[in-house]
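Structure first, commentary second.
Both backbone and side-chain heavy atoms feed into the values below; hydrogens, waters and symmetry mates do not. Everything numeric here is computed off the predicted structure, so don't read it as measured data. Within every chain, numbering begins at 1; the chains are lettered A, B, ... in the order of the sequence lines, protein sequences first and strands thereafter.
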Amino acid sequence: MTIQIYNTVARRKEEFIPADPKRVTMYVCGPTVYSFPHIGNARPAVVFDVFYRLLMHEFGHVIYVRNITDVDDKINAAAVSEGISIGQISARYTRTYHQNMADLGVLPPSIEPKVTEHMPQIIDMIKRLIVAGNAYEAEGHVLFHVPSYHEYGVLSGRNLKELIAGARVDVAPFKKDDADFVLWKPSGEDQPAWDSPWGAGRPGWHIECSTMIEQHLGETIDIHGGGQDLIFPHHENERAQSTCAHHGKLFSRYWMHNGFVNVNHEKMSKSLGNILLVQDLLEQASGEAVRFTLLGTHYRSPLDWTDQVLNQSSRNLDRLYEVLQKLDDVDVDVDVSAEDMPVAFMDALKDDLNTPAAIAELHKLAKQVNTVFSHDSRQVLKKQLLAAGKILGILQQDPAAWFRGTNEIDEMEILALLEQRASAKNERDFKRADEIRNQLKAMGIQVQDRPDGTSSWRKA
RNA sequence: GGCUAGGUGGCAGAGUGGUGAUGCAGCGGCCUGCAAAGCCGUCAAUACCGGUUCGAUUCCGGUCCUAGCCUCCA
């Protein structure tokens, strides 16, 4: 089976055929670094991380670019309100983003370009758009002239008439067309500025992605991804800029967009005060559980985050690690090979990244462990579970470590108490044995007796 | 107002023109000194109304409802 992708521009699933199977290219819009990453920032990172792993598995060589937007008025505002420099703001939140994503098991992309490092290229692309007749200068601004691109609106399914009808009342007077958008704008005293043929200023909101894609991946890429909210205007505008700068050459062969994360049936927003920060969720559960939750819903569907979903994910992972623990006696190679990949699992992922169906296949494999007894069969199952887990970015920990958690615990004390309890049990002093068990429970430790009389423990 | 996506068991969540996955929770049992975990078994759903069809949850139309976009936003 080949990979199928729901292509936003075609509005249906299509077979994924890269332009060059030896060099698959993907660009995903990364964060604007002005605040702490929230769960909505994490969703595309995790979703496209799994897709990246899938592409690597299928094609071997993938160039995955995810940018850092470090030029933005929101960053300027954060610098003012926090009383530190713009550079300090973007450095701080870039670092937090990297830490949070690592905690969620997100692999670094092949390339992570920053807007500030691409000013000459941005200015160059704007110049070319002016020369080509798609952009014009007006009062220190450079604007993209939307009517010059006849396919404008095709990606987002809008037509120009609608856009004009819905346009804001306060359209800048120097715009030739109400729908025209900014490529370059002049900077005031306290705003970051770069020299350009149009005066000191800064780039508009969309040109940066077009430029970085051209710079690092070329004129045509295989996949462009991001959140659904970026379809319009961000990706529509990118598409217009890049296509026109390249004289009509196809920009992206496939467009993929992930759905939003809602919180208790409401949109996450500052005004509702319900923004879930990744760092706060990591206090409640493991990064792996957060990741598992994000993969538990198909990437195009909205994901409603409630108090329950994280718990359910932790339980699901408990169950899978439980099974791996049962297979502790089976040795497998550290590096699982392609033949170990379970077919039904892969078919689910290849079908437009159907991670919920893939996880269901993982559970089916786990169940089989109970009905299979030969060493060879158990070894195959363990390989399959680990290989599948690797694509999803889960199940790679030692099961014992998973159940013991990351919190600091005094293992010696626990073992001493378990020993005391064992001798109490031996003397059939069950009252004493239960006291010790309750004592451990108060410490957050759950005792588990084995059939042979010995006991193990895990984090409650 | 315009555009888009969706309404599946108590919860989460896939798929499918013809016996409706998977996990959690519940219930029964096994195991256990008692538990916990585990194992086995089990209950339970396709918003509503029409249409097409031998047959629709799946296709078409309508109603109601939900979410998103149209403005910064992952």
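A cation-pi contact links R300(A) to Y6(A), judged by a cut-off of 6.0 Å to the six-membered ring centre and 45° from its axis.
One atom, CD1 of I394(A), and another, C1' of U22(B), lie 13 Å apart when rounded to the nearest Å. Rounded to whole Å, atom P of U16(B) lies 9 Å from atom CG of N354(A). Straight-line distance from the CE atom of M268(A) to the P atom of A67(B): 16 Å, rounded to whole Å. Distance F260(A) CZ to U4(B) C1': 14 Å, rounded to the nearest Å. Atom CH2 of W205(A) and atom P of C73(B) are 8 Å apart (whole Å). Rounding to whole angstrom units, CZ of residue R450(A) and P of C34(B) are separated by 19 Å. Spacing between atom CG of N258(A) and atom C1' of A5(B) amounts to 14 Å, rounded to whole angstrom units. One interatomic measurement links the two molecules: CG of L230(A) to C1' of U71(B), which rounds to 14 Å at whole-angstrom precision.
Taking atom P on both U22(B) and C39(B), the two are 14 Å apart, rounded to the nearest angstrom. C60(B) and A74(B) are spaced 35 Å apart, taking the C1' atom of each and rounding to whole Å. With both ends at atom P, the span from A25(B) to A12(B) equals 15 Å, rounded to whole Å. For the P atoms, the distance from G50(B) to U58(B) is 14 Å, rounded to whole Å. Distance check on atom P: U52(B) versus C3(B) gives 28 Å, rounded to whole Å. With both ends at atom C1', the span from C30(B) to C34(B) equals 16 Å, rounded to whole Å. The C1' atoms of U42(B) and C59(B) are separated by 35 Å, rounded to the nearest whole Å. The same atom, P, is picked in G20(B) and in C43(B); the two are 12 Å apart, to the nearest Å.
D449(A) comes within 4.0 angstrom of a base, heavy atoms only. Contact annotation for D434(A): base contact, defined as any heavy-atom pair under 4.0 Å involving a base atom. Using a 4.0 Å heavy-atom cutoff across all strands shown, K326(A) reaches sugar-phosphate atoms only and no base atom. No engagement by R432(A) is indicated, since no non-hydrogen atom pair under 4.0 Å with the nucleic acid exists. Counting non-hydrogen atoms under 4.0 angstrom, E322(A) reaches the backbone sugars and phosphates but no base. When heavy atoms are screened at a 4.0 angstrom cut-off, R319(A) is found touching the sugar-phosphate backbone but no base atom. In this structure, H38(A) reaches the bases: a heavy-atom distance under 4.0 Å links it to at least one base atom across the strands shown. Among the protein residues, R458(A) comes within range of the sugar-phosphate backbone only, with heavy atoms under 4.0 Å from sugar or phosphate atoms but none that close to a base. Nucleic acid contact class of G227(A) (heavy atoms, under 4.0 Å, all strands): sugar-phosphate only.
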Check against side chain to side chain donor-acceptor pair (under 3.5 Å), E238(A) and H234(A)
CA-CA 6 Å; E238(A) 261 185 63; H234(A) 186 57; 2.9 Å; yes

Which is it for K383(A) and M341(A) under the side chain to side chain contact (heavy atoms under 4.5 Å, CB included) test, yes or no, and what are the steps along the way?
CA-CA 8 Å; K383(A) 281 183 181 172; M341(A) 202 58 75; over 6 Å; no

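For H216(A) and H118(A), the distance between ring centers is under 6.0 angstrom. The ring of F174(A) has its center closer than 6.0 angstrom to the ring center of H141(A). Taking the ring centroids of Y34(A) and Y93(A), they lie at or beyond the 6.0 Å cut-off. In summary, the aromatic rings of H235(A) and H206(A) are positioned with their centroids too far apart to meet the 6.0 Å limit.
Here C40(B) is the nucleotide among C40(B), C73(B), A36(B) with the atom lying nearest to any side-chain atom of K367(A). Of the candidate nucleotides A37(B), A25(B), A67(B), A37(B) has the atom lying nearest to any side-chain atom of Q448(A). Candidate nucleotides A12(B), C34(B), C72(B) were compared by shortest atom distance to the side chain of Q312(A), and A12(B) ranks first. Picking from A36(B), G13(B), C24(B) the nucleotide with the shortest atom distance to the side chain of Q446(A) gives A36(B). Closest to the F430(A) side chain, of the nucleotides G33(B), G23(B), A14(B), is G33(B). Listed candidates were G33(B), C24(B), U22(B). Nearest to the side chain of K364(A) is U22(B). Listed nucleotides G33(B), A37(B), C70(B) differ in distance to F232(A); the shortest reach to its side chain belongs to C70(B).
One N or O donor and one acceptor, one from the side chain of R437(A) and one from the base of C34(B), sit under 3.5 Å apart. Judged by distance alone with a 3.5 Å cut-off, no donor-acceptor contact links the side chain of Q228(A) to the base of G68(B).
Taking side-chain N and O atoms only, K441(A) has no distance below 4.0 Å to OP1 or OP2 of A36(B). At the phosphate of C39(B), OP1 or OP2 sits under 4.0 Å from a side-chain N or O atom of N370(A). Taking side-chain N and O atoms only, N316(A) has no distance below 4.0 Å to OP1 or OP2 of G23(B).
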State the dot-bracket string of RNA chain B. Criteria: Watson-Crick or G-U wobble, both atom distances under 3.5 angstrom; notation: ( ) intrastrand, [ ] crossing earlier pairs, | interstrand, . unpaired.
(((((((..(((.....[...))).(((((.......)))))....(((((..]....))))))))))))....

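A salt bridge links D73(A) with K185(A): the closest approach of a Lys/Arg side-chain nitrogen to an acidic carboxylate oxygen falls below 4.0 angstrom. D49(A) and R43(A) are not joined by a salt bridge, as no carboxylate oxygen comes within less than 4.0 angstrom of a charged side-chain nitrogen.
Taking for each of Y6(A) and A357(A) the nucleotide of RNA chain B with the nearest heavy atom, the 5'-most of the two is the partner of Y6(A). Two residues, G226(A) and E266(A), neighbour RNA chain B, and the one matched to the more 5' nucleotide by heavy-atom proximity is E266(A).
Around the CD atom of E419(A), the shell of radius 6.0 Å holds no more than 12 heavy atoms that belong to other residues, nucleotides or ligands.
Partners of Y321(A) according to the ring-ring contact (aromatic ring centres under 6.0 Å, His included) rule, which considers only residues two or more places apart in sequence or in another chain, are W402(A).
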